[in-house]
Amino acid sequence: MAEKRYVRAVNEALCEEMERDPAVCLLGVDVGAPGGPFGATRGLQERFGPQRVRDTPISEAAVVGLAIGAATLGLRPVVEIMFMDFLALVMDQLVNQAAKMRYMTGGQAKLPLVVRTQTGYRDSAGPQHAQSLEAWLTHVPGLKVVMPSGPCEAKGLLKAAIRDDNPVIVVENRTLYALAEEVPDGDYVLPLERAAIKREGRDVTIASLGVMVREALAAAETLAERGISCEVIDLRSANPLDLQTVRASLEKTNRLVIAHSATRCGGVGAELAAALGEEAFYMLDAPITRVGAAFAPIPFSPPLERAIVPDRTAIIAAVEQVLAP
Amino acid sequence: MAEKRYVRAVNEALCEEMERDPAVCLLGVDVGAPGGPFGATRGLQERFGPQRVRDTPISEAAVVGLAIGAATLGLRPVVEIMFMDFLALVMDQLVNQAAKMRYMTGGQAKLPLVVRTQTGYRDSAGPQHAQSLEAWLTHVPGLKVVMPSGPCEAKGLLKAAIRDDNPVIVVENRTLYALAEEVPDGDYVLPLERAAIKREGRDVTIASLGVMVREALAAAETLAERGISCEVIDLRSANPLDLQTVRASLEKTNRLVIAHSATRCGGVGAELAAALGEEAFYMLDAPITRVGAAFAPIPFSPPLERAIVPDRTAIIAAVEQVLAP
Amino acid sequence: MPAEEIDRVLARRLLATMQLIRAFEEAVRDHFAARHIPGFIHLSIGQEAVAAGLASALEREDYLYVTHRGHGHVIAKGADLKRVAAEIFGKASGYCRGRGGSMHIAAFEVGVLGANGVVGAGLPHAAGAAWALQLQGRPQVAVAVFGDGAVNTGLFHETANIASLWRLPLLLLCENNGYAEFTPLSVHAAVESVAERAAAYRLPAWRVDGQDPLAVRATVREALGRVRAGEGPALVECLTWRVRGHYEGDPQRYRSSTELEEAVAHDPLRLFAGRLRREGLLNEAEEAELAAQARQAVAEAIAYAQEAALPDPASALEDVLYQPSGAG
Amino acid sequence: MPAEEIDRVLARRLLATMQLIRAFEEAVRDHFAARHIPGFIHLSIGQEAVAAGLASALEREDYLYVTHRGHGHVIAKGADLKRVAAEIFGKASGYCRGRGGSMHIAAFEVGVLGANGVVGAGLPHAAGAAWALQLQGRPQVAVAVFGDGAVNTGLFHETANIASLWRLPLLLLCENNGYAEFTPLSVHAAVESVAERAAAYRLPAWRVDGQDPLAVRATVREALGRVRAGEGPALVECLTWRVRGHYEGDPQRYRSSTELEEAVAHDPLRLFAGRLRREGLLNEAEEAELAAQARQAVAEAIAYAQEAALPDPASALEDVLYQPSGAG
Ligand SMILES: Cc1ncc(C[n+]2csc(CCOP(=O)(O)OP(=O)(O)O)c2C)c(N)n1
Ligand SMILES: Cc1ncc(C[n+]2csc(CCOP(=O)(O)OP(=O)(O)O)c2C)c(N)n1
Ligand SMILES: [Mg+2]
Ligand SMILES: [Mg+2]
């Protein structure tokens, strides 16, 4: 075990899985010789050769399509889509093709395919480079979607994704790439479909996703100083959503705040709130409250961006609101 | 006023708007000489010429892109995307381009652009021709989305969409194309952002979308025989959602069932339930219950398809559930 | 077709394949009209020589991706006619358990990895299969069949560029029937010859009479010779005639009766059988016998499909995801 | 450039434009390094002759769509330098009110209808603008600028086919700098010449030295002659050299020092100024004065941008939708 940065944890996961299984191979714009736009694939082409680590043209839809065909024949391709916004270019291949392939062929196809992508904000990446679009994928039967909230998850979830025999989308966060923490060496694999309790608490449950887990933990820290005890859940998976873990926490706290980076309206929090609002109706002492981005594109200029995207302050306000008498 | 089929109401709206405003023009696969795959554009190329009613190659993303450029210069293009499933091919142009164009240019661009598409099920169209994907669009600031539930809406909402200066997606329903009802002649324009109460009732509110409005009305009829009085709301718009109308109804009924064709998980119903679960928490006498498609692709074979997609029976069951003591 | 001598066995095999496809699709046409078959149906009547010629040039282990108009290719590749029929009828014993239907038949056991309801979407899948073959060092090739309409999709372009760049063992086989649904080629493509567009990717390309199964076969063999030798992908454009509408029920108002008569005049079965008779390779009795065999096989397949059980509604939620055995 | 006599006024104007772009981008480079500018920055240093030559061949009323590497074109088209700078600095008085930044500058008042952060995505917009011009019977043209990397996107293909088919008044102008981010052309395209790919759409195409503003201008004028005459779209490929990294901060590990030196050796400003001096059209003092003017204009623009107000956070929710005046 050693301190590793998030991006290094991704790199390690890829490297180890490629060592372990010759069927694992990488595809994407600049993933090869350049080592990836953020360095996630650094050194891998040197190590595994240009056939297994392939730079592609700017042809995202075809590249996901290639991965589908290759996965059908037993490869385990890992595609990098540089920014999550560009998922919009590959939705047909992801949704109409990959997600339905097994079902539509009556079980003939098995599709061990990973799409890695990343999102992030507060770095003025602007309207076309900062979206969190996982809610689209939550609506799609046949996909799995995870959002690693830190270096451990980055490694453990990616390894699990590569070993899974279904299409899995892994949404990393570029603003966390430089974050370091202790990450287990070697075979460290986390379950894809399970949420994790990151901090135990009694008064309010905060269910959070991706980078917002960090904000939720910071909010919980501040709130603890005010005598409020928050249970922070890292949902980890956006498809499927681990309702059970959140429900179990609600049994204790009876209050729920949901926090994600994506636009609040129509985000993953909507499904979570709707599902638990139904299932756990009689458990709730206050309305389920959601924190997410305001209903606007994400602007470039820092003060505007800050006005649109959520942070720990918004979580604190939401917690206080659900606790208000 | 005369009886008109749904598809004829669409045709009339297009024709009248093209008469009224020479900037209105049509684009899409087979919309020209052939009059559209479902006849919605029949006769329009003859009438308005091949420049204003243009058959396009199978290049959906570029065609939406063309419409964006043309709209910027003052045309009011109406693009037809043959099946809603194919929206997956144009998500970048819709979401990263059209939806953000006005915002991203600081208000320089005005984008009067309509995308007409259609969905439907119970006709064994199979996994790639039967999806309702409006929830994706609900999550996108900068778009308007309507789903006409009958011939009147088909005409009135389409005319409003064409006159609106923003990108509007109109989701028709092919299984309703042959349905006829009285539709006002001439200038009949419905507001884009407002839900309509289709049946008044006291006990339960059913908020429904698109073809499910018809199922909800049928369910309400049956339930009335059992002494249950349902208020049926046609949401009409998926973006924005008219929460006010539903909330006002809830004040009376205190119980809400939401019904749409789309996959239940992550559908528009999630946002509606989450938003009202928060806003109207203290009004609710029972959990908000959602009816939608099961979590699977939509299969071809009729018994399988029926097992996946929702209908009036599911609505009746949901209403009975929210009324159960 | 070059003036080499025609191999009698091969010729009959090609004719038999074409007859089987024709008989099958005529039966599908009739059962669809009689409402025994749900959904949409796209028939390849008139285009059978492409499927027969192509498949005869492939090994069983080669991979094939087809289109919404794919019955012919699936049958020619050797799929079990009963399971094809059962799929089209939406039955549980269909290749896809009734989930796909006509537009989505896949028969992995004979290398048919999928049809597609989204035009162009299968092209990169074939290239991906070819990439896997290349990586795995296997001798097979992958073939993507697509129509003239698909050539205008972005995916055609992206796929052709990557395939050429990576020298993938891929054959791009275009069935140019001059129409994308109701829109003629001249209205949807800036260049009438698909093969001509191949130069933009440095793809070697051939243009061939798609009504002649021997010509299709010879051209595909020539192209595949290069592909199998590791020289990278190739494109073959087959000029062919669609006799029926885009889908069953299409009244074809957009085609003149002269044009329709011309399409019928290009019937590949009649042309090929006539030629075999003229060259003394087939007499009328033999032709009739082959046709009878095809009809017989089709009748059995259709009867099977009609009697086969519908899927259990409870199975509708199976196989959304692959579940390793033992897992929930 | 043909041996015709160079027009002194034009030559100086071209040089001045290039100097303005260069001075502006050098200032942006420095202020970005000093963290005065948020976000990402893509500079066109080394490529200025394309922007200057192209813009000099356009009318003010012609429309232009540019890329993530678009500062030069926006400036050359005549945009207000202050508002360009303010946008890049994220200020309220920027062209896009600070919502777009470097990657999304649009200046409608001078016909720049947008830059794009999604490679290839602006191509159909330009074609759509051209379609509107055609329908409206207006004499202008639309121009799409894009890089060699964008040629591999499906949208390039779909747009080129439609534009040719519809004979749109569109110029496709490719800046081939040999790289898409860190990936060289040979690794991303099956065919090294973009112009060669134009034949697949029956597009007339030219390939020109993009370091020579007069050559770019002459070629664009020739191409636009056809376009304005209603003969349909055309493609011009400008061969050019990117001196800086893909974005500011890119250490360019993927390029040898020889290659970088070669890029610098192709500096279009030095080459063009040298030539003007050799031909007696410019002396050193005049060159220095032009450069000083450029630096002065840039200094004013940057000072303006630095002092300009940040946007009011309360304005962040404005203009998500167009609201007719009077409506809520
Ligand atoms: C992306 C997409 N757009 C539109 C359609 C509707 N559609 C189905 S088949 C077809 C025409 C295809 O033409 P072609 O590729 O020539 O094949 P053919 O039908 O002639 O065999 C169209 C437009 C579709 N299925 N997919
Ligand atoms: C669809 C898409 N894929 C990837 C990227 C990331 N990206 C930004 S610029 C660029 C390279 C573009 O190369 P080129 O078109 O040659 O333009 P240049 O940067 O050389 O001017 C890439 C891959 C993107 N912005 N959009
Ligand atoms: Mg065709
Ligand atoms: Mg480039």
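In what follows, chains carry the letters A, B, and so on, assigned in the order in which the sequence lines appear, proteins first and then strands, with residues in each chain numbered from 1.
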Quick one: which of [options] has the most heavy-atom pairs under 4.5 Å with chain B, could you say?
options                     : value
A:Gln97, A:Arg290, A:Glu279 : A:Arg290
A:Leu94, A:Asn239, A:Val322 : A:Asn239
A:Ala99, A:Gly267, A:Ala286 : A:Ala286

Chain A contact residues among residues 268-277 of chain B, heavy-atom distance under 4.5 Å: B:Ala270, B:Glu271, B:Ala273, B:Ala274, B:Ala275, B:Gly277
State, with a plain yes or no, whether a side-chain heavy atom of B:Trp136 is found less than 4.5 Å away from one of A:Val140.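 Side chain of B:Trp136 against side chain of A:Val140, heavy atoms only: contact under 4.5 Å found.
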Less than 4.5 Å apart, any side-chain heavy atom of A:Pro287 and any of B:Tyr282?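 Answer yes - side chains close enough.
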For the side chain of B:Asn96 and the backbone of A:Asp85, is there at least one donor-acceptor N/O pair under 3.5 Å apart? yes
Where the side chain of A:His139 meets the backbone of B:Leu133, is there a donor-acceptor pair that is under 3.5 Å apart?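 The answer is no, because no donor-acceptor pair under 3.5 Å joins these two groups.
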Choice from B:Ala294, B:Ala135, B:Gly266 maximising heavy atom contacts with chain A below 4.5 Å: B:Gly266
Carboxylate-amine/guanidinium contact A:Glu278 B:Arg264, below 4.0 Å: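 Salt bridge: yes.
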Partner set under side chain to side chain contact (heavy atoms under 4.5 Å, CB included) for A:Thr56, not counting sequence neighbours: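 With sequence neighbours excluded, A:Thr56 shows a side chain to side chain contact (heavy atoms under 4.5 Å, CB included) to A:Leu27, A:Val29, A:Val63, C:Trp166, given in chain and number order.
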Using non-hydrogen atoms only, which part of [X] is less than 4.5 Å away from chain A: side chain, backbone, both, or neither?
X        : result
B:Leu284 : both
B:Ile288 : backbone
B:Ser132 : backbone
B:Gln321 : side chain

Using the test side chain to side chain donor-acceptor pair (under 3.5 Å), find all partners of A:Gln93 that sit at least two apart in sequence or belong to another chain. C:His125
B:Glu320: side chain to side chain donor-acceptor pair (under 3.5 Å) partners, not counting sequence neighbours: B:Arg226
What are the two closest heavy atoms between B:Pro299 and A:Tyr103, and how far apart are they? CG-OH, 3.4 Å
Side chain to side chain contact (heavy atoms under 4.5 Å, CB included) between B:Gln131 and A:Val95: does it pass, once the steps are laid out? CA-CA 10 Å; B:Gln131 289 164 98; A:Val95 175; 3.7 Å; yes
